[in-house]
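Okay, so here's the structure we're looking at.
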2 protein chains.
Amino acid sequence: MNLKLTKKRQIILNTLKSHDGTLSANDIHKLLPEIDIVTIYRNLDLFTKEKIIKQINLGTNEAQYEYQQQPHHHALCSSCEKVIHFTAPDEKIRELLGLKDFQVDEIEVTVKGICSKSH
Amino acid sequence: MNLKLTKKRQIILNTLKSHDGTLSANDIHKLLPEIDIVTIYRNLDLFTKEKIIKQINLGTNEAQYEYQQQPHHHALCSSCEKVIHFTAPDEKIRELLGLKDFQVDEIEVTVKGICSKSH
DNA sequence: CGCAATATGCAAATCAGTTGCATATTTATT
DNA sequence: AATAAATATGCAACTGATTTGCATATTGCG
Ligand SMILES: [Mn+2]
Ligand SMILES: [Mn+2]
Ligand SMILES: [Zn+2]
Ligand SMILES: [Zn+2]
């Protein structure tokens, strides 16, 4: 692939970089109404394939995207729908999983529960 | 809620019970073409709310469902798309996550990588 | 600049899942 | 067992997220 550094491509990526937390395609389009939603989808797909950003699927209706400084995990509050980002020692988790005969590329832990504000 | 034990409801649940692995709404409809897809969706939602089955979202286009004997986790092979089911010591994982100020109801670990047959 | 490759916008399509409503089945009541 | 109320089902139509086709615009290279 011979990718081009277009203006809109950079704007979309910068929006993700500077935003703390996750954004859906629609969230980005609301922030950047001058960019067509289709262009946003195409670039999110592209960035995801290039592993520049991460697509997060928490079982909600829209996929979420984030620029990931360092790999981390997510907890979803069933009460207020807030997403909490947290890190965990991957090596130790990997040991606990004990997956033989499987080349582990990525571990993603999704926690469901209730956040401090909701209980 | 006052649920009724209808024939089709039982057939859908038995299909999930006797199937080893996960099934999507569409998978079930192919196995049970005599049952309307809407009825399948409505019953899958119902079973999920009643915690009789579990909805699994692996980032694929369709949600997957399974009748869960005991809680466990999933690994998805990026090469052959196979889903591997595995258990892990939840208590120990929970400790590693160290989520303070969050009431953890459920931990779901999703692993991506390559299965033994694909490498 | 001039050209080929790639990206964008718009409209239309697709696809999973949902909703409204008339009819059918189940379950409680007589 | 008949009746009635409650719940479930099927069909058609809808929704909302994401994708695709295609004409036009932008980018990067010589
Ligand atoms: Mn995050
Ligand atoms: Mn499973
Ligand atoms: Zn909360
Ligand atoms: Zn595989």
Side-chain angles (χ1 to χ4, degrees), chain A residues 1-17 19 21-66 74 76 78 81 83 110, chain B residues 1-17 19 21-67 74 76 81 83 110:
Chain A
M1 294 165 222
N2 231 335
L3 307 182
K4 294 185 175 178
L5 240 68
T6 64
K7 274 185 185 176
K8 299 191 168 178
R9 182 160 290 169
Q10 292 175 71
I11 294 172
I12 294 169
L13 188 56
N14 284 337
T15 299
L16 281 163
K17 274 188 187 175
H19 182 88
T22 64
L23 289 171
S24 68
N26 250 302
D27 291 339
I28 297 172
H29 187 239
K30 274 171 205 146
L31 294 171
L32 306 171
E34 73 274 17
I35 303 179
D36 196 279
I37 185 77
V38 178
T39 299
I40 293 171
Y41 273 116
R42 285 197 267 234
N43 278 296
L44 289 174
D45 286 353
L46 180 74
F47 296 150
T48 303
K49 275 177 194 132
E50 298 292 322
K51 312 219 179 200
I52 297 167
I53 65 171
K54 207 158 156 12
Q55 188 189 57
I56 292 156
N57 207 308
L58 295 172
T60 49
N61 48 348
E62 292 177 304
Q64 299 289 126
Y65 299 86
E66 70 181 10
H74 298 97
L76 178 64
S78 324
E81 302 292 303
V83 176
T110 304
Chain B
M1 295 163 223
N2 233 333
L3 307 182
K4 293 185 175 178
L5 241 66
T6 64
K7 273 184 186 176
K8 300 192 169 177
R9 181 160 290 168
Q10 292 176 71
I11 293 171
I12 294 169
L13 187 55
N14 284 337
T15 300
L16 282 163
K17 274 188 186 175
H19 182 87
T22 65
L23 289 171
S24 69
N26 251 299
D27 291 339
I28 297 171
H29 188 238
K30 274 171 204 145
L31 294 171
L32 307 171
E34 74 274 17
I35 302 180
D36 196 280
I37 185 76
V38 178
T39 299
I40 293 171
Y41 274 117
R42 284 196 269 233
N43 279 295
L44 289 174
D45 286 354
L46 179 74
F47 295 150
T48 303
K49 274 177 196 134
E50 297 291 322
K51 312 221 177 196
I52 297 167
I53 65 172
K54 207 160 153 12
Q55 187 188 57
I56 293 158
N57 207 309
L58 295 171
T60 48
N61 47 349
E62 293 177 302
Q64 299 290 318
Y65 299 86
E66 70 181 13
Y67 181 82
H74 298 97
L76 179 63
E81 302 291 306
V83 176
T110 305

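Naming convention: chains lettered A, B, ... in sequence-line order (proteins, then strands); numbering from 1 in each chain.
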Protein within reach of the bases, or only the backbone? For nucleotides 16-25 of chain D, mark each nucleotide 5' to 3' as B, S or -, using heavy atoms under 4.0 Å. -SBBBB----

Using side-chain hydrogen bond (donor to acceptor under 3.5 Å, both in side chains) as the criterion, list what pairs up with [X], not counting sequence neighbours.
X       : value
B/Gln55 : B/Tyr65
B/Arg42 : none
B/His74 : B/Glu66, B/His72, B/His85

Rounding to 10°, can you tell me the angle the first-five-pair axis of the helix from C/dC1-D/dG30 to C/dT30-D/dA1 makes with its last-five-pair axis?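 Axis-to-axis angle, ends of the helix: 30°.
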
Within this structure, what is the CD1-CG distance for the pair A/Ile40 and A/Asp45, rounded to the nearest 0.5 Å?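 One finds 12.0 Å between CD1 of A/Ile40 and CG of A/Asp45.
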
Point-to-point distance, once rounded to the nearest 0.5 Å, from NZ of A/Lys49 to CG of A/Leu3: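 The NZ atom of A/Lys49 sits 11.0 Å away from the CG atom of A/Leu3.
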
Return the nearest nucleotide to the side chain of B/Ile35; candidates are D/dT9, C/dG9, D/dG10.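 Selected nucleotide (nearest to the side chain): D/dG10.
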
Quick one: side-chain contact (heavy atoms from CB on, under 4.5 Å) partners of [X], sequence neighbours excluded?
X       : value
A/Tyr41 : A/Ala25, A/Ile37
B/Leu32 : B/Ile11, B/Ile12, B/Thr15, B/Ile28, B/Glu34, B/Ile35
A/Lys4  : A/Thr6
B/Asp36 : B/Val38, B/Thr39

Considering only nitrogen or oxygen atoms on both sides, find all protein atoms under 3.5 Å from nucleotides 3-5 of chain C and state each distance.
{"residue": "C/dA5", "atom": "N3", "partner": "A/Lys4", "partner atom": "NZ", "Å": "2.4"}

[X] [atom1] to [N] [atom2], straight-line distance once rounded to whole Å:
X       : N      : atom1 : atom2 : answer
B/Ile40 : C/dA16 : CD1   : P     : 13 Å
B/Leu44 : D/dA8  : CG    : P     : 14 Å
A/Glu50 : C/dT6  : CD    : C1'   : 14 Å
B/Leu32 : D/dT9  : CG    : P     : 12 Å
B/Lys30 : C/dC15 : NZ    : P     : 11 Å
B/His29 : C/dT18 : NE2   : P     : 16 Å
B/Leu3  : C/dA28 : CG    : C1'   : 16 Å

Name each donor-acceptor pair under 3.5 Å that joins a side chain in residues 56-64 of chain A to protein atoms two or more places apart or in another chain, with its distance.
{"residue": "A/Asn57", "atom": "OD1", "partner": "A/Gly59", "partner atom": "N", "Å": "3.3"}
{"residue": "A/Thr60", "atom": "OG1", "partner": "A/Glu62", "partner atom": "O", "Å": "3.2"}
{"residue": "A/Glu62", "atom": "OE1", "partner": "A/Ser24", "partner atom": "OG", "Å": "3.4"}
{"residue": "A/Glu62", "atom": "OE2", "partner": "A/Asn26", "partner atom": "ND2", "Å": "3.3"}
{"residue": "A/Gln64", "atom": "NE2", "partner": "A/Thr22", "partner atom": "OG1", "Å": "2.8"}

Please determine whether side-chain contact (heavy atoms from CB on, under 4.5 Å) holds for the pair A/Leu16 and A/Ile52, giving the CA-CA distance in whole Å, both sets of side-chain angles, and the decisive distance to 0.1 Å. CA-CA 10 Å; A/Leu16 281 163; A/Ile52 297 167; over 6 Å; no

Smallest heavy-atom separation, B/Asn43 atom then B/Arg9 atom, equals OD1-NE, 2.6 Å

DNA chain C-proximal residues of residues 5-15 of chain A, any heavy atom under 4.0 Å: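 The answer is A/Thr6, A/Lys8, A/Arg9.
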
Counting just side-chain N and O atoms, does B/Thr39 come under 4.0 Å of either OP1 or OP2 of D/dA8?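 Looking at the OP1 and OP2 atoms of D/dA8, neither is under 4.0 Å from any side-chain N or O of B/Thr39.
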
